[in-house]
Amino acid sequence: MARLYDSRKRIVVTGGAGFLGSHLIDRLLADGHEVLCVDNLFTGTKRNIEHLSGQPLFEFMRHDVTFPLYVEADEIYNLACPASPIHYQHDPVQTTKTSVHGAINMLGLAKRLKCRILQASTSEVYGDPEVHPQREDYWGKVNPIGVRSCYDEGKRCAETLFFDYHRQNGLEIKVARIFNTYGPRMHPADGRVVSNFIVQALKNEPITIYGDGSQTRSFCYVDDLIDGLVKLMDSPADFIGPVNIGNPNEFTIRELAEKVIALTGSKGGLVMEPLPQDDPRQRRPDITLARDRLGWAPKTQLDEGLKATIGYFRSTLAQPSRRRAPAMRAGAAPVSLVPFSAR
Ligand code: NAD
Ligand code: UDP
Ligand code: UDP
């Protein structure tokens with residue numbers, strides 16, 4: 001339900017032109033807030049927010065969070081960071097800068113404004129976990145020098161910064177550890193497993209399973225995830241996290257491939273490819289904390305969410321300007337995103 005005008009907030013969403021950020025902005029605008037989307041369009045696109053142009057409560061600012069940002073706001077959601085392995089490994093130094101310098105700048109902004117700030121952290125802080133399912137008090141098993149480290153360690157350092165700004169400056173922080181999330185507006189060429197499998201299946205191409213497909217992930221539908229982030233931001237000040245936000249239903253990658261084939265009727269079959277370096281064997285959130293403190297749990301089953309996502313990709317691929325986007329492979333040349341002018 002829309003909130004009353006007097007409870008309207010000015011909210012900054014960094015990474016707002018990306019997959020999750022654009023859904024978050026839709027939700028915040030629907031709740032009656034004013035939103036400033038801050039994004040450098042590295043992996044995000046203007047298409048994700050084009051439906052908002054002309055909305056008086058929405059504003060877009062092209063800006064890189066590794067540089068200082070001086071704006072006014074009542075709340076900040078810090079989502080800016082490439083999230084897919086192909087994207088964050090494309091320029092790993094920039095990935096770490098985005099996580100670390102970006103966090104410092106957004107925390108500095110929140111400190112000046114004395115406003116609440118939420119960090120989009122990740123299940124990657126658990127690395128290749130030895131504890132299963134993962135609870136927030138598990139410290140993780142992360143390779144500090146591998147190809148995924150720019151993302152994993154960058155996000156871990158960002159969490160450290162959030163907690164130190166909280167302890168040192170009394171800043172009101174919220175840290176969400178997001179597990180694999182999927183849904184409409186994923187980039188068709190970002191190499192993540194759900195988008196890759198659906199794009200391949202819709203083109204009747206072989207679905208690329210890395211390794212033997214026995215590794216597991218737990219997939220959360222985007223609407224559920226956004227609901228969790230907003231509940232966390234709105235939670236009492238003494239609850240700062242970190243808190244897992246994800247769907248605890250766990251599937252092997254092969255099971256996911258079989259589901260996508262069944263739902264699309266693909267004739268392309270499967271092909272096995274090498275497992276990327278440091279690929280986690282298993283991942284499933286323990287969401288007891290989110291249930292207890294936020295009253296949150298995901299509602300969307302994988303089949304239902306996949307159907308909605310397949311519908312999105314079907315219409316996206318039917319549009320001529322997007323048809324060229326291939327599903328990306330691990331170790332492939334750096335992703336060629338939509339032309340800069342089209343973003
Ligand atoms: P995405 O790549 O679609 O969105 C990231 C956005 O950040 C893009 O719009 C990109 O242009 C922007 N960005 C990147 N670097 C920037 C910079 N230096 N300055 C300003 N903007 C910058 O990814 P997503 O899936 O929407 O992920 C959003 C956030 O959620 C990320 O922080 C990611 O680490 C986190 N997360 C996502 C998942 C998931 O499954 N989608 C899981 C765990 C964590
Ligand atoms: N900063 C910003 N916007 C602001 C305030 C600060 O981008 O409104 C950035 C600025 O680059 C600063 C960083 O946040 O260096 C950290 O700010 P903080 O106040 O913690 O430390 P400072 O570096 O100013 O001592
Ligand atoms: N994966 C796969 N085929 C693909 C893309 C990914 O088998 O075309 C695997 C990948 O090796 C990993 C899992 O699917 O085990 C999830 O990969 P994704 O990149 O989506 O997310 P993350 O590894 O960061 O959880």
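Whatever order the structure lists ligands and atoms in, that order sets their numbers, starting from 1.
- Residue contacts with ligand 1: Thr43 is placed with a nitrogen or oxygen under 3.5 Å of a nitrogen or oxygen of the ligand (distance criterion only).
- For atom 2 (C) of ligand 2, the closest heavy atom belonging to the protein is Leu69 O, 3.5 Å.
- His166 places a side-chain N or O within donor-acceptor distance of the main-chain N or O of Leu171, the cut-off being under 3.5 Å.
- For Tyr165, the closest heavy-atom approach to ligand 2 falls below 4.0 Å.
- For Ile253, every heavy-atom contact with ligand 3 shorter than 4.0 Å involves the side chain, none the backbone.
- For Met106, no heavy-atom contact with ligand 2 is shorter than 4.0 Å.
- At least one heavy atom of Ala17 lies less than 4.0 angstrom from ligand 1.
- Gly108 CA, 3.4 Å is the protein heavy atom nearest to atom 17 (O) of ligand 2.
- When hydrogens are left out, the protein atom nearest atom 10 (C) of ligand 2 is Asn105 OD1, 3.7 Å; that is the closest non-hydrogen contact.
- The existence of a salt bridge linking Asp152 and Arg156 is excluded, since no basic side-chain nitrogen approaches an acidic carboxylate oxygen closer than 4.0 Å.
- For atom 4 (C) of ligand 2, the nearest non-hydrogen atom of the protein is Tyr70 CE2, 3.3 Å.
- Numbered from 1 in the order shown, with element, the atoms of ligand 2 that lie under 4.0 Å from a heavy atom of Pro68 read 7 (O), 11 (O).
- At least one N or O atom of Arg148, backbone or side chain, sits closer than 3.5 Å to an N or O atom of ligand 3.
- For ligand 1, none of its N or O atoms has an N or O atom of Ser121 under 3.5 Å away.
- Counting heavy atoms closer than 4.0 Å to ligand 3, residue Val193 contributes atoms from both its backbone and its side chain.
- At a heavy-atom distance under 4.0 Å, only side-chain atoms of Gln215, from C-beta outward, approach ligand 3.
- The closest donor-acceptor contact from the side chain of Ser149 to the backbone of Asn143 lies under 3.5 Å.
- The distance criterion of under 3.5 Å between nitrogen or oxygen atoms is not met by Val38 with respect to ligand 1.
- Among all non-hydrogen protein atoms, the one lying nearest atom 22 (C) of ligand 1 is Asn40 OD1, 3.0 Å.
- Contact annotation for Glu273 and ligand 3: no heavy atom of the residue comes within less than 4.0 Å of the ligand.
- Considering backbone and side-chain atoms together, Lys155 places an N or O closer than 3.5 Å to an N or O of ligand 1.
- Counting heavy atoms closer than 4.0 Å to ligand 3, residue Asn180 contributes side-chain atoms (C-beta onward) but none from N, CA, C or O.
- Checked by atom type and distance alone, the side chain of Arg217 pairs as donor or acceptor with a backbone atom of Pro280 at under 3.5 Å.
- Under 4.0 Å from ligand 2, heavy atoms of Ile104 appear from its side chain as well as its backbone.
- In this structure, atom 18 (N) of ligand 1 lies nearest to the protein heavy atom Asp64 OD1, 2.9 Å.
- Closest to atom 41 (N) of ligand 1 by heavy atom, among Arg62, Lys97, Arg192, Glu124, is Arg192.
- At under 3.5 Å, not a single nitrogen or oxygen of Ile178, backbone or side chain, sits near a nitrogen or oxygen of ligand 1.
- Contacts between Thr14 and ligand 1 below 4.0 angstrom, taking non-hydrogen atoms only, are absent altogether.
- When only non-hydrogen protein atoms are considered, atom 19 (O) of ligand 2 lies nearest to Lys111 NZ, 2.9 Å.
- For a threshold of 3.5 Å applied to N or O pairs, the pair formed by Thr181 and ligand 1 contains at least one separation below that value.
- Among all non-hydrogen protein atoms, the one lying nearest atom 8 (O) of ligand 2 is Arg112 NE, 2.5 Å.
- Using a 4.0 Å heavy-atom cutoff, Ser84 is absent from the residues neighbouring ligand 3.
- The closest approach between Gln200 and ligand 3 stays at or above 4.0 Å for every heavy atom of the residue.
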